[in-house]
Enquirer: 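One structure coming up, written as structure tokens, with questions to follow.
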Amino acid sequence: MRLEALARAAVAEVLKRLSLPSPPGEIPLERPDKAEYGDISSRIAFLLAKELKRPPQEIARDLAGHISHPDLSRAEAAGGFLNLYVRPEALRRILGEIIAEGEGYGDWPLGGGKPLQVEFVSSNPTGPLTVGHGRQAALGDALANLFSALGWEVTREYYLNDEGRQIELLARSLWARYRQALGEDVPVPEGGYHGDYLVPIGEELAREWGDKYPEWSPQAAEAFRAVAVERMMAMIREDLAAIGVSFDVWSREGDLHRRGVVREVFEALRERGAVYEKDGAYWMRSTEYGLSRDPVLIRSDGTPTYLMVDIAYHVDKYRRGFVRVIDVQGADHVEEQQQVKLALRILGYPEGFLDYCVHQFVTLKGREGIERMSTRRGKFLRLKDLVDELGRDVVRYFMVRRRPGAHLVFDLELARKTSMENPVYYVQYAHTRIASIFREAERSGELPAAPRGPELLRAADLSPLEDPDELSLIKELDRFPDVVRNAAESYGPHLLCEYLEGLAGVFHPYYNRVRVLGQGEATTARLALLWATKTVLAKGLALLGVSAPEVM
RNA sequence: GCGCCCGUAGCUCAAUUGGACAGAGCAGCGGCCUUCUAAGCCGCAGGUUGGGGGUUCGAGUCCUCCCGGGCGCGCCA
């Protein structure tokens with residue numbers, strides 16, 4: 001039984017024994033940040049104060065005076081809080097349970113194997129992935145990992161927008177590059193894609209096709225669009241491979257049209273009275289529901305807007321059996337998100353079905369200062385170049401280290417450092433140091449190699465663990481599953497970074513001060529503790545898509 | 001102008017979702033390697049949480065008004 005369960009049982013028991021009411025919901029518990037507030041504490045007295053018409057401090061004192069549990073050494077009332085101190089034996093028993101759970105430690109059965117989708121990146125195939133998409137790739141993948149750990153059957157999906165005006169512009173831009181390669185002075189269209197990446201493709205087409213398309217025509221549009229989309233997708237796949245993200249499903253906009261989903265969902269909205277006609281177009285009645293404007297669903301030329309397709313896409317997701325969908329999107333899509341959610345509400349889909357993880361943009365802080373990026377203007381840093389320079393681990397870690405809702409300033413100089421200043425290495429190095437101890441233990445014969453070594457650790461006598469840092473380490477390890485759950489449910493993988501840096505921050509001083517090998521009985525106990533620490537570090541890093549190296 | 005997000009140490013950011021005296025890492029200063037990797041450890045200094053008002057036993061967190069920044073306000077995606 002973990003710390004919280006133990007404390008909850010103790011508090012529930014004393015409430016019952018003193019015939020006090022239980023608060024609605026669970027008994028609140030916190031991990032105090034100061035040692036003088038105990039190992040775990042509860043603000044329950046504040047919750048009972050109103051009902052009992054007694055001051056919180058008095059209630060807390062009552063509870064502290066009467067609480068009794070074999071695993072608690074002490075209970076104090078301070079400022080209305082009930083502070084509990086756990087016996088070292090109980091902590092050591094918890095460590096034993098963590099070791100027994102092994103790799104599965106940190107997982108939850110909450111999702112019950114139900115299908116959940118994380119849709120992310122979904123960048124238009126109009127250019128390579130930029131640093132901004134990198135944040136989304138890292139974020140989405142980490143969330144997918146986290147929800148898998150919560151027991152959901154997770155699908156990673158990329159929505160591919162292979163039709164529409166932006167693609168038209170892309171094709172036109174590529175055609176211009178093609179003409180340029182043939183020595184003609186055709187400019188890239190206004191608002192088109194000015195990045196260099198189209199230049200070599202234009203040259204290639206010039207060699208291959210010669211002067212086959214001297215004019216911009218429907219035939220040219222067709223040909224250049226097909227090549228452009230195909231080449232851009234190849235580029236994007238390359239970028240995703242570089243950062244180590246892969247998708248289970250690639251869905252295409254064109255597919256939704258062909259299957260008639262778009263038309264059908266539009267009709268459904270119209271039947272619900274959510275649509276009106278004006279200026280030859282069809283609009284959704286959004287202002288009636290408090291949104292700031294009515295958007296167009298079907299243009300006057302009869303083609304559906306991006307929003308209309310997006311709504312249909314989400315209906316389709318529901319029909320495909322997902323019980324929960326999380327879309328990772330940039331802050332520039334918030335209005336769109338409100339419109340989609342509203343449409344789903346009108347259509348009667350369950351409220352919690354669709355959720356958005358909205359993230360702010362990334363700016364790069366290098367020597368030249370902070371730069372803004374734009375794919376269309378060709379002013380951006382390709383994600384792959386950044387990964388090639390810094391490594392996948394650094395890029396991934398930096399991208400998820402901040403709360404998604406906050407702007408991310410990517411500090412290139414810090415990221416380039418291979419020292420303690422770089423938080424990724426700080427965490428990874430803790431893992432490496434432990435690995436090193438195990439290598440040394442095997443070499444010196446203090447611990448046999450796997451599988452016998454781990455078996456011995458599972459059966460180890462943990463009673464020599466009484467150093468305060470050792471007990472702190474156990475308390476940190478005990479928190480891990482809660483961090484995983486919280487990081488997933490609040491869409492905040494950065495909480496995992498915080499945790500891992502904290503865990504490494506307990507380990508490093510301990511390592512520096514306390515010798516593990518050659519300490520007789522204590523050695524096996526310490527190896528067991530470090531085994532658990534190493535497992536949690538590795539698992540935490542894995543959830544973020546970052547490696548846990550044995551050697552650095 | 002309207003809507004959404006943000007403002008915390010010199011810098012980059014946390015803060016268990018309303019809890020205790022607001023915490024880290026850089027940058028600054030001073031110490032620690034013949035012992036499992038110094039990519040490390042220890043110590044010092046650093047704050048009116050943008051500002052005012054309000055709700056609450058209790059506010060960085062909720063409400064309100066200012067100030068400053070970002071994003072959006074297309075029959076683009």
Side-chain angles (χ1 to χ4, degrees), chain A residues 28-34 36-37 41 43 46 49-50 55-57 78-81 83 122-124 126 161 163-167 169 191 253 278-283 290-293 295-301 303-307 309-310 330-338 358 360-361 363 365 401-403 405-411 413-414 417-426 428-430 432-441 443-444 446 479 482-483 486 490 492 494-495 497-498 501-502 504-505 508-518 523 530 551-552:
Chain A
L29 290 170
E30 287 110 43
R31 311 285 180 135
D33 31 48
K34 297 211 162 46
E36 55 187 289
Y37 296 145
S41 75
R43 51 171 207 274
F46 292 103
K50 201 166 280 176
Q57 172 63 8
F81 288 87
N83 298 335
S122 295
S123 161
N124 292 338
T126 54
N161 220 277
E163 317 221 329
R165 307 186 180 192
Q166 292 306 319
I167 298 298
L169 261 174
E253 177 184 353
K278 194 183 81 180
D279 304 333
Y282 290 94
W283 307 67
L291 296 191
S292 55
R293 69 183 192 97
V296 170
L297 294 177
I298 306 285
R299 301 184 187 97
S300 46
D301 67 3
T303 58
T305 58
Y306 174 84
L307 172 66
V309 181
D310 203 12
D332 53 338
H333 287 266
V334 282
E335 201 210 304
E336 167 86 10
Q337 294 162 6
Q338 292 170 341
V358 179
Q360 295 290 335
F361 299 110
T363 42
K365 194 176 112 192
R401 194 159 175 254
R402 301 300 175 220
R403 187 162 36 95
H407 286 270
L408 175 66
V409 178
F410 196 106
D411 188 339
E413 273 187 77
L414 180 62
K417 289 184 179 165
T418 53
S419 65
M420 58 181 180
E421 299 160 41
N422 193 326
V424 203
Y425 297 132
Y426 186 79
Q428 288 185 321
Y429 189 47
T432 302
R433 274 181 150 174
I434 297 174
S436 176
I437 292 176
F438 279 100
R439 271 196 303 277
E440 188 60 25
R443 200 189 57 76
S444 69
E446 282 188 85
R479 276 179 59 209
D482 301 318
V483 174
N486 205 357
S490 66
H494 70 287
L495 295 173
C497 297
E498 284 270 310
E501 286 167 40
H508 283 305
Y510 171 71
Y511 172 89
N512 219 263
R513 187 173 56 78
V514 178
R515 176 103 192 146
V516 174
L517 299 178
T523 290
L530 294 190
V551 184
M552 283 174 80

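Here is the naming used below: chain letters follow the sequence lines, and residue numbers restart at 1 for every chain.
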Enquirer: Name the nucleic acid region contacted by A/Lys50, choosing base, sugar-phosphate or nothing; use a 4.0 angstrom heavy-atom cut-off, strictly under.
Expert: nothing
Enquirer: If stacking means aromatic ring centre less than 5.5 angstrom from the base's six-membered ring centre, planes under 30°, is A/Phe81 stacked on B/G19?
Expert: no
Enquirer: Check if the side chain of A/Glu335 and the base of B/C71 share a donor-acceptor pair of N or O atoms closer than 3.5 Å.
Expert: no
Enquirer: Verify the contact: side-chain N or O of A/Arg401 to OP1 or OP2 of B/G25, cut-off strictly under 4.0 Å; return yes or no.
Expert: no
Enquirer: Do A/Thr432 and B/A39 have a side chain to base donor-acceptor pair shorter than 3.5 Å?
Expert: no
Enquirer: With a non-hydrogen cut-off below 4.0 angstrom, is A/Thr303 in contact with a base, only sugar-phosphate, or nothing?
Expert: nothing
Enquirer: Where the side chain of A/Tyr306 is defined as all heavy atoms beyond and including C-beta, which of B/C41, B/A77, B/G19 is the nearest nucleotide?
Expert: B/A77
Enquirer: By nearest atom, which of the nucleotides B/G7, B/U17, B/A38 is closest to the A/Arg403 side chain?
Expert: B/G7
Enquirer: Enter syn or anti for the glycosidic conformation of B/C21, syn applying to angles within 90° of 0.
Expert: syn
Enquirer: Please work out if A/Val483 contacts a base, only the sugar-phosphate, or nothing of the nucleic acid, heavy-atom cut-off 4.0 Å.
Expert: nothing
Enquirer: Minimum heavy-atom separation for A/Glu30 to A/Phe81, with atom names?
Expert: OE1-CE2, 3.9 Å
Enquirer: According to the 5.5 Å centroid and 30° plane-angle thresholds, does A/His333 stack upon the nucleobase of B/A77?
Expert: yes
Enquirer: Establish, with yes or no, whether the OP1 or OP2 oxygen of B/A15 is under 4.0 angstrom from a side-chain nitrogen or oxygen of A/Arg31.
Expert: no
Enquirer: Please report the distance separating the P of B/C71 from the corresponding atom of B/G51, rounded so that it comes out in whole Å.
Expert: 25 Å
Enquirer: Base, sugar-phosphate or nothing for A/Phe438? Non-hydrogen atoms, less than 4.0 Å.
Expert: nothing
Enquirer: Do A/Tyr37 and B/C21 share a donor-acceptor pair, side chain to base, under 3.5 Å?
Expert: yes
Enquirer: May I ask you to verify if any side-chain N or O of A/Tyr510 is less than 4.0 angstrom from the OP1 or OP2 atom of B/C41?
Expert: no
Enquirer: Has the side chain of A/Asn83 got a donor or acceptor that lies under 3.5 Å from a partner of the other kind on the base of B/A20?
Expert: yes
Enquirer: Starting at the 5' end of RNA chain B and moving along, which residue's nearest nucleotide shows up first, A/Val334 or A/Pro32?
Expert: A/Val334
Enquirer: Figure out the CD/C1' separation between A/Glu36 and B/C21, and round it to whole Å.
Expert: 8 Å
Enquirer: Identify, with sequence neighbours excluded, every residue that meets side-chain contact (heavy atoms from CB on, under 4.5 Å) alongside A/His494.
Expert: A/Arg403, A/Pro404
Enquirer: On RNA chain B, check which nucleotide each of A/Lys417 and A/Leu517 is closest to and give me the residue with the more 5' one.
Expert: A/Lys417
Enquirer: Identify whether any heavy atom of A/Arg165 sits under 4.0 Å from a base atom; if not, whether one sits that close to sugar-phosphate; answer base, sugar-phosphate or nothing.
Expert: sugar-phosphate
Enquirer: Side chain of A/Glu498, heavy atoms from C-beta onward: which of B/C36, B/G70, B/A14 has the nearest atom to it?
Expert: B/A14
Enquirer: Does A/Ser292 contact B/C73 through a side-chain donor or acceptor facing the base, at a distance under 3.5 Å?
Expert: no
Enquirer: Under 4.0 angstrom, heavy atoms only, what part of the nucleic acid is A/Arg433 near: base, sugar-phosphate, or nothing?
Expert: sugar-phosphate
Enquirer: Is there a side-chain contact between A/Arg293 and A/Glu335 (heavy atoms, below 4.5 Å)?
Expert: yes
Enquirer: What is the nucleic acid contact for A/Glu446, judged by heavy atoms within less than 4.0 Å: base, sugar-phosphate only, or nothing?
Expert: nothing
Enquirer: Taking any heavy-atom pair under 4.0 Å as a contact, classify A/Thr126: base, sugar-phosphate, or nothing.
Expert: nothing
Enquirer: Please give the nucleotide sitting opposite B/G1 as a Watson-Crick or G-U wobble pair, both distances under 3.5 Å, or none.
Expert: B/C73
Enquirer: Any base atoms under 4.0 Å from A/Asp332, or only sugar-phosphate, or nothing? Heavy atoms, all strands.
Expert: sugar-phosphate
Enquirer: With syn defined as a glycosidic angle within 90° of 0 and anti as everything else, classify B/U17.
Expert: syn
Enquirer: OP1, OP2 of B/C75 versus side-chain N and O of A/Lys278: anything below 4.0 Å?
Expert: no
Enquirer: Check every strand shown and say whether A/Asp279 touches a base, only sugar-phosphate, or nothing at a heavy-atom separation below 4.0 Å.
Expert: base
Enquirer: Looking across every strand, which nucleic acid part, if any, lies under 4.0 Å from A/Pro509 by heavy atom: base, sugar-phosphate, or nothing?
Expert: sugar-phosphate
Enquirer: Can you check the distance between B/C4 and B/C62, where both ends of the measurement are the P atom (answer in whole Å)?
Expert: 14 Å
Enquirer: Checking one value: the base orientation of B/C73, syn if chi is within 90 degrees of 0, otherwise anti.
Expert: anti
Enquirer: Output yes when at least one side-chain N/O atom of A/Tyr426 is less than 4.0 Å from OP1 or OP2 of B/C41, else no.
Expert: yes
Enquirer: Would you classify A/Gly405 as touching base, sugar-phosphate or nothing, given that sugar-phosphate means primed atoms plus P, OP1 and OP2, and contacts are heavy atoms under 4.0 Å?
Expert: sugar-phosphate
Enquirer: At less than 4.0 Å, is any side-chain N or O atom of A/His494 found next to OP1 or OP2 of B/A15? Yes or no.
Expert: yes
Enquirer: Which part of the nucleic acid, if any, lies within reach of A/Val424 when heavy atoms closer than 4.0 Å are counted: base, sugar-phosphate only, or nothing?
Expert: nothing
Enquirer: Is the backbone of A/Ile298 close enough, under 3.5 Å, to the side chain of A/Thr305 for a donor and an acceptor to pair up by distance?
Expert: no
Enquirer: Using a 4.0 Å heavy-atom cut-off across all strands, classify A/Asp33 as base, sugar-phosphate, or nothing.
Expert: base
